[in-house]
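Before any comments, here is the structure.
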Amino acid sequence: MSRYRLLILLAFTLPLLPLHASPLAAPGGQTSGNRPAFDPEETDSTVIVAGTDAVDARGLPDMSGLLVAVPDAQFPLLQRSERISLVGSGAAGSVENIFKRTSRLLKLTDDYALIQLSGISTLECRIFSKKKGGVLAMIHTVSVDSLPDSQISFLDAGELTSIPVKKLLKEPRPEEFFDTSRLSGDAKRSFRDAFAQVPFFCVRYRFTPSGDGIEATLPLRELVSEELWNELKPCLRPAPLIYRWNGKKFLR
């Protein structure tokens, strides 16, 4: 990350820095199907057992129980007590986070959760199955002045331990979002000069609508001037970069 980008992000996201200090984990949500919702009055030990023992048809932990069971050290913005309240509150539930701001549960299924952490940040979570166990993927996105920037992290769905991102996903380089194969000579040099003027690059991650992978986009228009945008736009790939889960890792 460039020094300029770091300063900009620090200026706007300082209250959220604890999320970056350790691997992210997601807040909880309502239970689904016929399973009873968690009782907010239950003890921590009861919640942990429920979170680790509740599994779906694939043998993977249920999202509600899994997210409640995540250690506080891996999810400092909403501690376990607040996550238990979210789980019990159901759809569109909300709680006050440790910064005295509102966090809302926007969507929950057996393997997916979407949380509005604050006015400028969201956390999107999905469970991906492996031959043995599963992976909890978490996408934390901060948007400042319509400029989104995402951080992705992974936890082992059984052990709730952090997995290095590079083991599961080769994150894209900025140049991968462009196709310069049709440029030659002066046009290619002009593009390289324009590319070099971009102060920093942000990547927006989302889970694919089909739920089988991750898509990455480059929010360039919100970052550069009109003149620079017009120089770079012709080579910008129109579709997101897609990384499909193959049971072991995400491959493009």
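Side chains are part of it too, since the values below use all heavy atoms of this structure and drop only hydrogens, waters and symmetry mates.
Here the side chains of L155 and M138 are in contact, with some heavy-atom distance below 4.5 Å. When side chains are defined from C-beta on, L220 does not count as touching F177, because their heavy atoms never get closer than 4.5 Å. Residues K188 and D193 form no side-chain contact, since every pair of their non-hydrogen atoms from C-beta on lies 4.5 Å or further apart. Within the 4.5 Å cutoff, the side chain of R204 has heavy atoms near those of the T141 side chain. Taking 4.5 Å as the limit, some side-chain heavy atom of L228 sits within range of a side-chain heavy atom of V198. With contacts defined as side-chain heavy-atom distances shorter than 4.5 Å, the pair F195/P174 qualifies. Using a 4.5 Å cut-off on side-chain heavy atoms (C-beta onward), I115 and T122 make no contact. Residues V142 and D149 form no side-chain contact, since every pair of their non-hydrogen atoms from C-beta on lies 4.5 Å or further apart.
We find that K132 and D156 are not joined by a salt bridge, their nearest charged nitrogen and carboxylate oxygen being 4.0 Å or further apart. A salt bridge links D111 to R126: at least one charged side-chain nitrogen sits closer than 4.0 Å to a carboxylate oxygen.
In this structure, OG1 in T109 is found 8.5 Å from CD1 in I127, a value given to the nearest 0.5 Å. Atom SG of residue C235 and atom CZ of residue R182 lie 10.0 Å apart, to the nearest 0.5 angstrom. For the atom pair I163 CD1 and L169 CG, the distance stands at 12.0 Å (nearest 0.5 Å).
Taking each heavy atom of R80 and V68 in turn, the nearest pair found is NE-O, 3.1 Å. Minimum interatomic distance between E82 and Q79 (heavy atoms only, all atoms of both residues): OE1-N, 2.7 Å. The two atoms that bring P219 and L147 nearest to each other are O-CD1, 3.6 Å, heavy atoms only. Annotation for S190 and E231: closest pair OG-OE1, 4.0 Å, computed over non-hydrogen atoms. The heavy-atom pair separating V165 from S153 by the smallest distance is CG2-CA, 4.1 Å.
Classified by interplanar angle (parallel below 30°, tilted 30° to 60°, perpendicular above 60°), the ring pair Y112/F207 is perpendicular.
The closest side-chain donor-acceptor pair between S103 and N97 falls under 3.5 angstrom. With no hydrogens or angles considered, no side-chain donor-acceptor pair links Q151 and Y205 at under 3.5 Å.
Ring-centre distance between F154 and F128: not below the 6.0 Å cut-off. The distance between the ring centers of F191 and F178 falls below 6.0 angstrom.
Within the structure, the side-chain hydrogen bond (donor to acceptor under 3.5 Å, both in side chains) test picks out the following pairs touching residues 236-252 (sequence neighbours left out): E176-R252, D212-R244.
For E222 (side chain) and P148 (main-chain N/O), no donor-acceptor pair under 3.5 Å exists by modelled atom type.
If you chain together hydrophobic residues whose side chains sit under 4.5 Å apart, L241 and L236 fall into the same group.
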